[in-house]
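Just so we're on the same page: letters track the sequence lines, and every chain starts at 1.
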Number of protein chains: 2
Amino acid sequence: MSQRRMKPVRAPQRKPGSRVHSELAAGIGRRILDGTYPPGSLLPNEAEWGQIFGASRTAVREAIKTLNGKGLLVSRPKIGSRVEPRERWNLLDRDVMAWHRAALDERTFLLSLQEIRRILEPGAAVLAAERASPEQLAVLEEALADMQSAAVESEAMVAADVRFHLALLAAANNEFLVPFGIVIEQALASMFAYTTSHAVHPEQLLPLHAEVVKAVAARSPEAARRAVTALLDDTDETLRATAE
Amino acid sequence: MSQRRMKPVRAPQRKPGSRVHSELAAGIGRRILDGTYPPGSLLPNEAEWGQIFGASRTAVREAIKTLNGKGLLVSRPKIGSRVEPRERWNLLDRDVMAWHRAALDERTFLLSLQEIRRILEPGAAVLAAERASPEQLAVLEEALADMQSAAVESEAMVAADVRFHLALLAAANNEFLVPFGIVIEQALASMFAYTTSHAVHPEQLLPLHAEVVKAVAARSPEAARRAVTALLDDTDETLRATAE
DNA sequence: CCGATAGTTTTGTATGATAAATGCCGCGAA
DNA sequence: TTCGCGGCATTTATCATACAAAACTATCGG
């Protein structure tokens, strides 16, 4: 379709989460994840947070409610807000994951994520081979095509790679697998930073991905498992190459 | 240590989440999970919720912020609160899981959870066998002992069973496995309801659990994997027996 | 020594007012 | 007619303030 004139520059386009209470949530969340307030400890009370961030108690409370929703905190009258034990934290939450990543050594973080991928993705591939719908298979193939047409080591490549693996998870048709998508997103983003900064990159990326699609399309669970395992082996190999 | 006299009965002991804003969050959350407000749809505005539940706008807003934190909603001025696509939902969140369970056919729900267990637990067992600390092993053994001393088909048995599997997850020493614990809790709770109501129960429960502990203690990853797989096979066998 | 009770601190809820974001409509010009 | 621009209306976002409820602490009386 013909592209008309550029629309006049819209308002500063502040991103969706940059309201006061969101920044408060991020500010407090980061301090929890980085250990400033360890599990079991008490946070400053609402009035104090308000002073620290120059915000009203209302905004502070809404931020804290958000963190409640992520399992980081519980609040009680007269006590205050106490940091929950780590096993209650929703580590797979998008925000929590981001705060966590910022507070951790990048390589350690990445290795942990890869370990999870090695456990989950082969199993997901088996299910996908057994029950992917034609539409889900099409999405997978499309992501593969995008990878093949993207420049190596580009943002577009990473984006297509992420789409590929999310599509594989979705094709397994078990909704409880979906939340783990964030692990893949973070791992690939982190991996991208790593490979570019260390000037190494997985050589076999495209053929290995193609192999996965082939196995799923052929409805061969075991072949799909092997293909995904090979893919992860290659990635880990690359990672290992950056160990100094 | 010597147990002193029972403390006088404390105040009604309303449970932590029964404040107005929590009930609002649950009320709205359930309506989202059960499909009353499907992904992409707009919720009533804050004032309307306030009337529906007879609460102030403040309480409504805090409830909505909690749901924001769980990835169910995003709110924008002039638009309102829109239900996020399912892949953004934190399905592994405790509350979301509970609302979800209430909105779904119990058997379907349970089968999905078991499927996840079959993917994750064997992998977790391998890691546990490789790197469980003495303390973590002790917790595992203690849970097993509790199971052995509990009456069959009792609440205590389920509780000890949950502790056992959570301990196994923890022993894998990868914190991203921990959020998955909720799947185990729900699966076992759901399973308990099932086995009692259908008058069937896994016969091999205790020896199979003991086998897992043995393998982990012996630091035999492959044996641990096999033991956990056998355990899950037995559970699934029981479940299959209830298919009418 | 125990137990009830009053006091104090902190979160929980309500109310009302104002700011900011943004979809929508209508007016006017090319 | 069509397009752009400005104002209007609606809804969330934020603030300020007041009071209620919860729960720990200390105190006082038996």
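Ring geometry, His209(B) versus His165(B): the interplanar angle exceeds 60°, so the pair is classed perpendicular (tilted spans 30 to 60°). Between Phe180(B) and Phe180(A), the ring-plane angle classifies as tilted under the 30° and 60° cut-offs. The aromatic rings of Phe176(A) and His100(B) sit tilted relative to each other, their planes meeting at an angle between 30° and 60°.
Listed for the Arg117(B) side chain is no donor-acceptor partner under 3.5 Å among the backbone atoms of Leu113(B). For the pair Asn174(A) (side chain) and Ser112(B) (backbone), a donor-acceptor distance under 3.5 Å is present. Asn90(A) contributes no side-chain N or O that, together with a main-chain N or O of Asp93(A), makes up a donor-acceptor pair within less than 3.5 Å.
Residue His21(A) places no side-chain N or O under 4.0 Å from the OP1 or OP2 atom of dA13(D). Put simply, Lys78(B) has no side-chain N or O that comes within less than 4.0 Å of OP1 or OP2 on dA13(D). Between Arg19(B) and dT13(C), a side-chain N or O to OP1/OP2 separation shorter than 4.0 Å is absent. For the pair Arg61(B) and dT12(D), the criterion of a side-chain N or O lying under 4.0 Å from OP1 or OP2 is not met. In terms of phosphate contacts, Lys65(B) brings no side-chain nitrogen or oxygen within less than 4.0 Å of OP1 or OP2 of dT12(D).
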With 3.5 Å as the limit, what N/O pairs link the protein to nucleotides 14-17 of chain C?
residue, atom, partner, partner atom, Å
dA14(C), OP2, Ser56(B), N, 2.8
dA14(C), OP2, Ser56(B), OG, 2.8
dA14(C), N7, Thr58(B), OG1, 3.2
dT15(C), O4, Thr58(B), OG1, 3.3

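Comparing Glu62(A) and Ile79(A), the nucleotide of DNA chain D nearest to each residue sits closer to the 5' end for Glu62(A).
Remark: C1' of dT11(D) and CZ of Arg82(B) are 13 Å apart, rounded to the nearest angstrom. Between the CD1 atom of Ile64(A) and the P atom of dG12(C) there is a distance of 8 Å, rounded to whole Å.
Around the CD atom of Glu48(A), the shell of radius 6.0 Å holds more than 12 heavy atoms that belong to other residues, nucleotides or ligands.
Listed in residue order, the members of residues 39-51 of chain B having a heavy atom less than 4.0 Å from DNA chain C come to none.
In this structure, the side chain to side chain contact (heavy atoms under 4.5 Å, CB included) partners of Ala159(B), at least two apart in sequence or on a different chain, are Arg163(B).
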Derivation of the side chain to side chain contact (heavy atoms under 4.5 Å, CB included) call for Asn173(B) and Leu127(B): CA-CA 8 Å; Asn173(B) 282 299; Leu127(B) 294 181; over 6 Å; no
